[in-house]
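Below is one structure, written out as C-alpha coordinates; the observations come after it.
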Amino acid sequence: MVGTNRLRIALGTAVLAGIAAMTYVLAGAAPPDGPASLVEFAQDGKLRKPEGYRRWVYVGTPLTPNELNGGEAPFPDFHAVYIDPESFAHFEKTGEFRDGAVMIKELVAVGAKEATSGSGYFMGDFIGLEASIKDSKRFQDEPGHWGYFSFGHKYPLKAEAAKQDAAACNSCHQSSAAKDYVFTQFYPVLRAASPKTK
(Lines give C-alpha, C1' and ligand atoms only; values in the text may rest on other atoms or scores of the structure.)
Protein backbone atom coordinates (compact mmCIF):
# COMPACT_ATOMS: atom_id res chain seq x y z
CA MET A 1 0.00 0.00 0.00
CA VAL A 2 2.84 2.37 0.95
CA GLY A 3 4.63 1.51 -2.26
CA THR A 4 1.49 2.23 -4.30
CA ASN A 5 1.09 5.66 -2.69
CA ARG A 6 4.71 6.51 -3.36
CA LEU A 7 4.24 5.49 -7.00
CA ARG A 8 1.14 7.70 -7.29
CA ILE A 9 2.99 10.67 -5.77
CA ALA A 10 5.92 10.18 -8.12
CA LEU A 11 3.65 9.95 -11.15
CA GLY A 12 1.72 13.04 -10.05
CA THR A 13 4.91 15.02 -9.62
CA ALA A 14 6.12 13.96 -13.05
CA VAL A 15 2.83 14.98 -14.67
CA LEU A 16 2.89 18.43 -13.00
CA ALA A 17 6.48 18.96 -14.08
CA GLY A 18 5.57 17.98 -17.62
CA ILE A 19 2.62 20.38 -17.67
CA ALA A 20 4.81 23.22 -16.36
CA ALA A 21 7.45 22.54 -18.97
CA MET A 22 4.86 22.39 -21.75
CA THR A 23 3.32 25.68 -20.58
CA TYR A 24 6.73 27.35 -20.67
CA VAL A 25 7.42 26.13 -24.23
CA LEU A 26 4.00 26.97 -25.66
CA ALA A 27 3.79 30.41 -24.10
CA GLY A 28 7.32 31.35 -25.02
CA ALA A 29 7.56 32.78 -21.54
CA ALA A 30 10.68 33.93 -19.80
CA PRO A 31 12.68 31.24 -18.07
CA PRO A 32 12.03 30.80 -14.31
CA ASP A 33 15.15 32.73 -13.33
CA GLY A 34 14.17 35.91 -15.18
CA PRO A 35 13.32 37.35 -18.57
CA ALA A 36 15.34 36.22 -21.56
CA SER A 37 17.63 38.83 -23.02
CA LEU A 38 16.32 40.37 -26.23
CA VAL A 39 19.78 40.98 -27.62
CA GLU A 40 23.19 39.54 -26.95
CA PHE A 41 26.53 41.28 -26.57
CA ALA A 42 29.95 39.77 -27.14
CA GLN A 43 32.60 40.13 -24.45
CA ASP A 44 34.18 43.04 -26.31
CA GLY A 45 30.89 44.97 -26.21
CA LYS A 46 29.84 44.33 -29.80
CA LEU A 47 26.19 43.58 -30.41
CA ARG A 48 25.46 40.24 -32.02
CA LYS A 49 23.03 40.37 -34.92
CA PRO A 50 19.52 40.19 -33.42
CA GLU A 51 17.21 37.38 -34.43
CA GLY A 52 13.43 37.00 -34.42
CA TYR A 53 12.67 40.71 -34.60
CA ARG A 54 10.23 40.28 -37.51
CA ARG A 55 7.85 38.80 -34.94
CA TRP A 56 8.07 41.97 -32.81
CA VAL A 57 5.74 44.96 -33.07
CA TYR A 58 6.06 46.73 -36.41
CA VAL A 59 5.76 50.52 -36.04
CA GLY A 60 6.33 52.05 -39.48
CA THR A 61 8.35 52.29 -42.68
CA PRO A 62 9.81 55.67 -43.66
CA LEU A 63 11.13 56.00 -47.21
CA THR A 64 13.36 58.74 -48.63
CA PRO A 65 13.83 57.77 -52.30
CA ASN A 66 16.61 59.13 -54.46
CA GLU A 67 14.05 60.66 -56.83
CA LEU A 68 12.92 63.06 -54.12
CA ASN A 69 16.43 63.86 -52.88
CA GLY A 70 18.42 65.03 -55.89
CA GLY A 71 19.32 61.46 -56.84
CA GLU A 72 21.49 60.88 -53.75
CA ALA A 73 19.42 60.29 -50.62
CA PRO A 74 21.46 59.31 -47.56
CA PHE A 75 19.05 56.43 -46.97
CA PRO A 76 17.19 55.70 -50.23
CA ASP A 77 15.65 52.47 -48.94
CA PHE A 78 12.56 51.46 -46.98
CA HIS A 79 13.20 51.49 -43.22
CA ALA A 80 10.95 48.84 -41.66
CA VAL A 81 11.07 49.54 -37.93
CA TYR A 82 10.19 47.17 -35.08
CA ILE A 83 10.13 47.48 -31.30
CA ASP A 84 10.35 44.60 -28.84
CA PRO A 85 6.91 43.58 -27.46
CA GLU A 86 7.64 44.35 -23.80
CA SER A 87 8.79 47.87 -24.63
CA PHE A 88 5.73 48.41 -26.81
CA ALA A 89 3.47 47.37 -23.93
CA HIS A 90 5.31 49.82 -21.67
CA PHE A 91 4.93 52.58 -24.27
CA GLU A 92 1.21 51.88 -24.55
CA LYS A 93 0.88 52.27 -20.79
CA THR A 94 3.17 55.25 -20.17
CA GLY A 95 3.99 56.89 -23.50
CA GLU A 96 7.67 56.44 -22.63
CA PHE A 97 10.47 54.17 -23.84
CA ARG A 98 11.57 51.88 -21.02
CA ASP A 99 15.15 51.20 -20.02
CA GLY A 100 16.06 48.14 -22.09
CA ALA A 101 14.00 49.09 -25.14
CA VAL A 102 15.26 47.63 -28.41
CA MET A 103 14.32 49.02 -31.80
CA ILE A 104 15.29 47.41 -35.08
CA LYS A 105 15.51 49.13 -38.45
CA GLU A 106 15.57 46.68 -41.32
CA LEU A 107 16.51 48.18 -44.67
CA VAL A 108 14.57 47.00 -47.71
CA ALA A 109 15.54 48.01 -51.23
CA VAL A 110 13.11 49.84 -53.45
CA GLY A 111 11.90 47.21 -55.90
CA ALA A 112 9.24 47.63 -58.56
CA LYS A 113 7.79 51.04 -59.31
CA GLU A 114 4.81 49.77 -61.23
CA ALA A 115 2.07 47.49 -59.97
CA THR A 116 -1.53 46.70 -60.76
CA SER A 117 -2.50 49.30 -58.17
CA GLY A 118 -0.51 51.99 -59.99
CA SER A 119 2.90 53.66 -59.99
CA GLY A 120 4.77 53.89 -56.73
CA TYR A 121 7.54 52.45 -54.60
CA PHE A 122 7.25 48.77 -53.74
CA MET A 123 9.49 46.77 -51.44
CA GLY A 124 12.27 44.69 -52.96
CA ASP A 125 14.81 42.60 -51.06
CA PHE A 126 16.19 42.90 -47.55
CA ILE A 127 19.56 44.66 -47.72
CA GLY A 128 20.54 45.94 -44.29
CA LEU A 129 19.99 45.96 -40.55
CA GLU A 130 20.48 48.45 -37.73
CA ALA A 131 19.56 48.50 -34.05
CA SER A 132 19.16 51.07 -31.30
CA ILE A 133 19.07 50.10 -27.63
CA LYS A 134 18.18 52.19 -24.59
CA ASP A 135 20.31 51.03 -21.67
CA SER A 136 21.13 53.39 -18.81
CA LYS A 137 23.92 51.15 -17.50
CA ARG A 138 25.65 50.05 -20.70
CA PHE A 139 25.27 53.44 -22.41
CA GLN A 140 25.25 55.71 -19.39
CA ASP A 141 27.38 58.34 -21.15
CA GLU A 142 25.36 58.38 -24.39
CA PRO A 143 22.66 61.02 -24.96
CA GLY A 144 19.37 59.55 -23.79
CA HIS A 145 21.25 56.32 -22.96
CA TRP A 146 20.72 55.11 -26.54
CA GLY A 147 23.34 53.04 -28.33
CA TYR A 148 23.27 52.61 -32.13
CA PHE A 149 24.59 49.70 -34.18
CA SER A 150 24.78 48.93 -37.90
CA PHE A 151 25.23 45.46 -39.34
CA GLY A 152 25.68 46.84 -42.83
CA HIS A 153 23.60 48.03 -45.75
CA LYS A 154 24.43 45.11 -48.00
CA TYR A 155 24.19 41.36 -47.59
CA PRO A 156 25.90 39.41 -46.17
CA LEU A 157 25.42 41.32 -42.94
CA LYS A 158 28.01 41.44 -40.21
CA ALA A 159 27.54 38.93 -37.40
CA GLU A 160 28.54 41.54 -34.79
CA ALA A 161 28.55 45.33 -34.75
CA ALA A 162 30.37 47.84 -32.57
CA LYS A 163 28.51 50.81 -31.12
CA GLN A 164 28.58 53.78 -33.43
CA ASP A 165 29.89 57.15 -32.31
CA ALA A 166 27.23 59.50 -31.00
CA ALA A 167 27.95 61.91 -33.84
CA ALA A 168 27.14 59.23 -36.41
CA CYS A 169 23.54 58.62 -35.35
CA ASN A 170 22.61 60.17 -32.05
CA SER A 171 23.13 63.77 -33.14
CA CYS A 172 20.45 63.44 -35.84
CA HIS A 173 18.06 61.70 -33.44
CA GLN A 174 18.75 64.33 -30.79
CA SER A 175 18.00 67.23 -33.10
CA SER A 176 15.05 65.87 -35.06
CA ALA A 177 13.32 62.99 -33.29
CA ALA A 178 10.00 63.83 -31.67
CA LYS A 179 10.20 61.61 -28.60
CA ASP A 180 13.24 60.50 -26.57
CA TYR A 181 15.54 60.25 -29.62
CA VAL A 182 12.95 58.18 -31.54
CA PHE A 183 11.31 59.47 -34.72
CA THR A 184 7.82 58.80 -33.41
CA GLN A 185 6.47 61.45 -35.78
CA PHE A 186 7.07 58.92 -38.58
CA TYR A 187 5.73 55.85 -36.75
CA PRO A 188 1.92 55.86 -36.76
CA VAL A 189 1.68 52.71 -34.65
CA LEU A 190 3.54 54.39 -31.77
CA ARG A 191 1.60 57.63 -32.12
CA ALA A 192 -1.68 55.72 -31.94
CA ALA A 193 -0.48 53.60 -29.01
CA SER A 194 0.67 56.44 -26.79
CA PRO A 195 -1.80 57.22 -23.98
CA LYS A 196 -0.86 60.87 -24.38
CA THR A 197 -2.45 61.02 -27.83
CA LYS A 198 -5.62 59.06 -27.05
Side-chain angles (χ1 to χ4, degrees), residues 23-24 26-41 45-64 74-75 77-108 123 126-151 153 157 160-198:
T23 301
Y24 167 74
L26 292 177
D33 56 348
S37 177
L38 295 168
V39 292
E40 185 178 358
F41 288 89
K46 290 181 179 178
L47 177 66
R48 291 182 174 140
K49 187 166 68 67
E51 303 289 345
Y53 53 85
R54 292 174 190 160
R55 293 190 291 272
W56 293 4
V57 179
Y58 163 82
V59 301
T61 304
L63 170 64
T64 52
F75 300 98
D77 317 300
F78 290 98
H79 303 171
V81 179
Y82 303 83
I83 186 172
D84 70 273
E86 187 174 346
S87 295
F88 181 75
H90 183 85
F91 190 86
E92 274 190 306
K93 184 177 181 180
T94 66
E96 306 292 337
F97 293 101
R98 73 183 182 104
D99 197 26
V102 180
M103 300 195 71
I104 298 293
K105 179 171 71 176
E106 184 159 46
L107 306 180
V108 185
M123 287 183 166
F126 295 118
I127 59 172
L129 187 69
E130 298 187 337
S132 57
I133 301 169
K134 185 179 177 74
D135 188 327
S136 61
K137 294 181 180 178
R138 186 178 292 273
F139 309 124
Q140 57 183 327
D141 297 327
E142 297 294 325
H145 305 308
W146 285 97
Y148 299 85
F149 301 83
S150 176
F151 296 89
H153 292 186
L157 300 175
E160 298 178 346
K163 182 180 67 63
Q164 295 188 306
D165 293 335
C169 288
N170 206 316
S171 57
C172 185
H173 285 251
Q174 187 171 16
S175 63
S176 303
K179 176 70 179 178
D180 191 9
Y181 299 82
V182 179
F183 292 99
T184 53
Q185 66 266 41
F186 305 135
Y187 303 143
V189 174
L190 289 179
R191 294 202 308 272
S194 175
K196 299 178 181 179
T197 58
K198 291 180 179 176

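Values in this document were obtained by computation on a predicted structure and should not be read as measured data.
Looking at S136, its side chain never comes within 3.5 Å of a backbone N or O of H145 through a donor-acceptor pair. At distances below 3.5 Å, at least one donor-acceptor pair connects side-chain atoms of K134 with backbone N or O atoms of G144.
Between P50 and L129, the closest heavy-atom pair is CD-CD2, 4.2 Å. Summarising the geometry of S176 relative to Q185, their closest heavy-atom pair is O-NE2, 2.8 Å, with the distance given to 0.1 Å. Between Y181 and H173 the shortest heavy-atom distance is O-ND1, 2.7 Å. When all heavy atoms of K93 and P195 are compared, the pair lying nearest together is O-CG, 3.6 Å. The minimum heavy-atom distance between V102 and D84, with the atom names listed, is N-OD1, 2.9 Å. Between F97 and M103, the shortest heavy-atom contact is CE2-SD, 4.2 Å.
For the atom pair CD1 of I104 and NZ of K49, the computed distance is 10.0 Å after rounding to the nearest 0.5 Å. Atoms OG1 and OH, from T61 and Y82 in turn, are 7.0 Å apart once rounded to the nearest 0.5 Å. The OG atom of S87 sits 9.5 Å away from the CG atom of D99 when rounded to the nearest 0.5 Å. Distance check: W146 CH2 to D180 CG gives 6.0 Å after rounding to the nearest 0.5 Å. The structure places CD of Q164 at 11.0 Å from CG of L47, a figure rounded to the nearest 0.5 Å.
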Inset, instruction - For L38 and Y53, run side chain to side chain contact (heavy atoms under 4.5 Å, CB included): C-alpha distance rounded to whole Å, both residues' side-chain angles, the deciding distance at 0.1 Å, then the answer. - result: CA-CA 9 Å; L38 295 168; Y53 53 85; over 6 Å; no

Inset, instruction - Determine, step by step, whether H79 and E130 satisfy the side chain to side chain contact (heavy atoms under 4.5 Å, CB included) criterion, reporting the C-alpha distance in whole Å, the side-chain angles of both residues, the deciding distance to 0.1 Å, and the verdict. - result: CA-CA 10 Å; H79 303 171; E130 298 187 337; over 6 Å; no

Inset, instruction - For L190 and F88, run side chain to side chain contact (heavy atoms under 4.5 Å, CB included): C-alpha distance rounded to whole Å, both residues' side-chain angles, the deciding distance at 0.1 Å, then the answer. - result: CA-CA 8 Å; L190 289 179; F88 181 75; 4.0 Å; yes

Inset, instruction - Dump the intermediate steps for side chain to side chain contact (heavy atoms under 4.5 Å, CB included) on I133 and F41, then the final yes or no. - result: CA-CA 12 Å; I133 301 169; F41 288 89; 3.8 Å; yes

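A cation-pi arrangement is absent between K105 and F183 under the rule of less than 6.0 angstrom and at most 45 degrees off the ring axis.
Residues meeting the salt bridge (charged side-chain N to carboxylate O under 4.0 Å, His left out) test with E96, sequence neighbours left out: K179, K196. Among residues two or more places apart in sequence or in another chain, the salt bridge (charged side-chain N to carboxylate O under 4.0 Å, His left out) test is passed with R48 by E40, E160.
A 4.5 Å side-chain heavy-atom check between K163 and R138 finds every atom pair outside the cut-off.
Classified by interplanar angle (parallel below 30°, tilted 30° to 60°, perpendicular above 60°), the ring pair F149/F139 is tilted.
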